[in-house]
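Written below as structure tokens is the structure these notes are about.
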Amino acid sequence: MATVTRENIGLLNDKITVKVSQEDYLPNFDKAVKQFSKNANIPGFRKGMVPAGMVKKMHGPAIFGDEVLKTVEKELMGYVQAEKLDIFGQPLSLEKTAKNLDFANPEEYAFEFEVGLKPTFEVTPLENNKTTLTRYKVAVTDDMVNDELQRLQLKGGKPSESEAVSTEDDIINVTFEEADAKGNVVEGGITKENSLLVKYFTDAVQAELKGKKINDSIVIELGKSFDEQRLGWILKDLGFETGDKEAAKKHFKLTITKITLVEKRELNEEFFKEVYPADSITTEEAFRGKLKEEIAKYWDSESRNHMHNDLFEVLVHETPIELPKDFLKRWLQVGGEKPKTAEEAEKEFPGFDHQLRWTLISDKLVRDNKLEVSFEDLRESAKQKVLGYYGGAAADGAEWLDSYLDRLLQDEKFVDQTYREMITAKLFDWAETKVKVKEEEIKAEEFVNLPHKHHHHEH
């Protein structure tokens with residue numbers, strides 16, 4: 001009779017030994033040999049007439065090894081289920097070399113495996129309101145509304161070609177040519193076409209560009225001509241890394257090839273209707289009000305994401321969970337699609353550990369609080385995604401929408417991702433009620449510069 005024994009070898013780390021003797025695997029071996037001789041194609045024998053001895057001679061070791069391992073696996077899995085062991089991944093074999101399995105001398109074989117056990121834990125940060133989080137309220141200023149208004153007026157404006165650069169809202173097409181500080185073009189240097197808004201440049205360069213005509217040139221040093229964010233874009237466009245400090249010191253000769261003046265849209269009903277087709281806005285005041293509302297909505301959702309990120313970090317770092325680290329590192333080495341070295345596993349472990357803790361915590365919270373997403377909710381969410389993508393109200397109720405959704409909901413990857421997003425959102429909505437939330441007013445630029453924890457849950 002097969003026996004299975006288990007001993008503890010470390011924190012949440014057990015060794016399971018499976019012993020099988022001949023009566024456990026020999027009947028299966030004989031069956032497998034018979035089966036093989038029925039189906040084997042061996043030259044000189046009719047199909048189904050190959051003698052068992054012949055099969056054993058040619059394929060015995062392979063079939064024997066297979067059957068012993070199958071028997072061991074069946075015993076191991078039966079034990080894990082019967083004992084209700086909650087394990088990570090799969091049991092790992094501790095056999096470093098292949099056993100000498102000899103079908104001519106069948107005997108008792110012992111196989112050793114190790115398993116990592118999932119810990120039991122409590123999500124302490126959510127107990128009796130002990131965690132306090134900040135929800136930032138970004139104040140929407142008149143300047144923000146003005147900027148957005150101008151952006152929309154330009155976006156919908158009429159372009160016309162112009163003789164000379166006159167305003168910061170002009171678009172100029174330029175050729176970048178690598179040069180020295182005096183503007184002498186470097187032989188074999190970088191050349192690149194680009195089109196930029198005049199206002200993308202620093203004030204000093206803007207002043208130099210004003211009044212320039214087609215075919216006029218100026219010489220710039222990259223790092224001194226753009227703010228940090230735009231400098232990053234330009235460097236990338238010229239083929240450098242966005243943070244390349246040396247490249248930022250390079251000079252380029254800029255030659256203007258085209259100047260486009262955009263005539264801003266008038267603030268009238270036709271324009272308001274174009275921007276917000278679903279609202280009947282008739283006055284500039286109402287339009288500004290709507291813009292303010294939309295900007296506030298955007299910052300509100302950003303602030304909520306920020307708070308959820310903070311909550312995620314608190315849960316992952318402050319929930320006391322013991323993990324069988326050594327086992328998990330070994331599992332990282334062999335559990336993936338291709339084996340990893342101990343060094344690679346060591347390097348990947350912190351990220352893996354983080355993600356694993358989150359999986360354990362979120363699974364537990366979803367299970368303990370019976371959070372669920374129904375198929376109807378999932379379909380509705382998918383519908384909103386599609387409508388958002390195809391521009392909203394017009395498509396609702398259209399016949400193609402239903403058949404499109406049916407197709408989409410047969411795509412396992414899409415369903416899985418949508419489900420994960422929704423259950424995560426549900427989990428955060430629920431968890432938010434278990435912490436203290438204090439509101440804090442903040443300016444948009446301060447909010448953007450808040451220290452950001454670097455990783456994102458699936459949200």
Side-chain angles (χ1 to χ4, degrees), residues 138 143-144 147-148 150-151 154-155 157 159 161-262 298-299 302 305-306 309 343-344 347-348 350-351 354 443-456:
V138 173
D143 280 351
M144 283 153 89
D147 283 351
E148 184 58 13
Q150 287 199 348
R151 192 183 72 77
L154 282 170
K155 189 176 153 205
E161 292 200 22
S162 162
E163 290 294 302
V165 177
S166 54
T167 76
E168 61 166 16
D169 292 324
D170 287 356
I171 298 163
I172 52 172
N173 290 33
V174 291
T175 306
F176 277 77
E177 292 176 287
E178 197 174 338
D180 64 15
K182 292 201 174 71
N184 302 309
V185 175
V186 176
E187 227 178 282
I190 295 168
T191 305
K192 190 85 173 65
E193 309 283 327
N194 206 330
S195 74
L196 301 160
L197 273 169
V198 171
K199 69 160 121 197
Y200 285 176
F201 292 93
T202 51
D203 293 347
V205 179
Q206 283 186 40
E208 204 181 334
L209 283 168
K210 290 272 162 75
K212 289 275 183 288
K213 298 186 172 59
I214 290 174
N215 294 329
D216 285 350
S217 319
I218 62 168
V219 180
I220 63 165
E221 182 182 329
L222 295 179
K224 293 185 177 158
S225 308
F226 302 97
D227 67 20
E228 200 176 333
Q229 186 185 13
R230 299 236 161 77
L231 175 63
W233 296 346
I234 298 284
L235 284 169
K236 200 165 173 189
D237 191 60
L238 292 169
F240 301 106
E241 292 292 314
T242 46
D244 189 334
K245 297 271 189 288
E246 283 309 303
K249 293 183 183 152
K250 284 183 182 285
H251 288 79
F252 277 82
K253 178 179 170 187
L254 262 51
T255 306
I256 299 174
T257 55
K258 184 176 164 191
I259 303 165
T260 310
L261 179 72
V262 178
Y298 166 79
W299 285 111
E302 287 291 293
N305 286 345
H306 190 277
N309 236 340
E343 291 76 50
E344 287 171 323
K347 208 166 116 196
E348 279 176 33
H354 214 122
K443 291 194 178 89
E445 51 273 23
E446 294 170 342
F447 178 81
V448 176
N449 290 320
L450 285 172
H452 204 66
K453 316 282 199 315
H454 275 298
H455 78 266
H456 298 278

Which atoms form the tightest heavy-atom contact between [X] and [Y], and what is the distance?
{"X": "Val138", "Y": "Met144", "answer": "CG1-CE, 4.4 Å"}
{"X": "Thr242", "Y": "Gly232", "answer": "CG2-O, 3.4 Å"}
{"X": "Ala164", "Y": "Asp170", "answer": "O-OD2, 4.1 Å"}
{"X": "Asp169", "Y": "Leu197", "answer": "O-CD2, 3.3 Å"}
{"X": "Lys224", "Y": "Thr202", "answer": "O-OG1, 3.3 Å"}
{"X": "Ser195", "Y": "Asn173", "answer": "CB-OD1, 3.5 Å"}

To the nearest 0.5 Å, how far apart are [atom1] in [X] and [atom2] in [Y]?
{"X": "Ile220", "Y": "Lys253", "atom1": "CD1", "atom2": "NZ", "result": "13.0 Å"}
{"X": "Asp203", "Y": "Glu168", "atom1": "CG", "atom2": "CD", "result": "9.0 Å"}
{"X": "Leu254", "Y": "Lys212", "atom1": "CG", "atom2": "NZ", "result": "11.5 Å"}
{"X": "Phe176", "Y": "Glu193", "atom1": "CZ", "atom2": "CD", "result": "10.5 Å"}
{"X": "Leu209", "Y": "Ile172", "atom1": "CG", "atom2": "CD1", "result": "4.5 Å"}
{"X": "Ser225", "Y": "Ile218", "atom1": "OG", "atom2": "CD1", "result": "7.0 Å"}

Open item on the list: I'd like to know whether NZ of Lys236 has more than 12 heavy-atom contacts from other residues, nucleotides or ligands below 6.0 angstrom.
Closed with: no

- [ ] Can you establish whether the number of heavy atoms outside Glu241 located under 6.0 Å from its atom CD is more than 12?
- [x] no

Task: Those residues that, when tested against Tyr200, pass ring pair (Phe, Tyr, Trp, His ring centres under 6.0 Å) (two or more places apart) - done: none

- [ ] Report the C-alpha separation of Lys213 and Asp216 in whole Å, then their side-chain angles, then the decisive distance to 0.1 Å, and conclude whether the salt bridge (Lys or Arg N to Asp or Glu O under 4.0 Å) test is met.
- [x] CA-CA 6 Å; Lys213 298 186 172 59; Asp216 285 350; 5.9 Å; no

Open item on the list: Please determine whether a side-chain nitrogen of the Lys or Arg among Glu148 and Arg151 lies less than 4.0 Å from a carboxylate oxygen of the Asp or Glu.
Closed with: yes

Task: Phe252 and its side-chain contact (heavy atoms from CB on, under 4.5 Å) partner, picked from Ile190, Thr191, Val219 - done: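 Result: among Ile190, Thr191, Val219, Ile190 is the only option passing the side-chain contact (heavy atoms from CB on, under 4.5 Å) with Phe252.
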
Task: Pairs touching residues 177-191 that satisfy salt bridge (Lys or Arg N to Asp or Glu O under 4.0 Å), sequence neighbours left out - done: Glu178-Lys250

Task: 4.5 Å side-chain heavy-atom contact, Glu208 and Phe201 - done: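 Sidechains of Phe201 and Glu208: no contact.
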
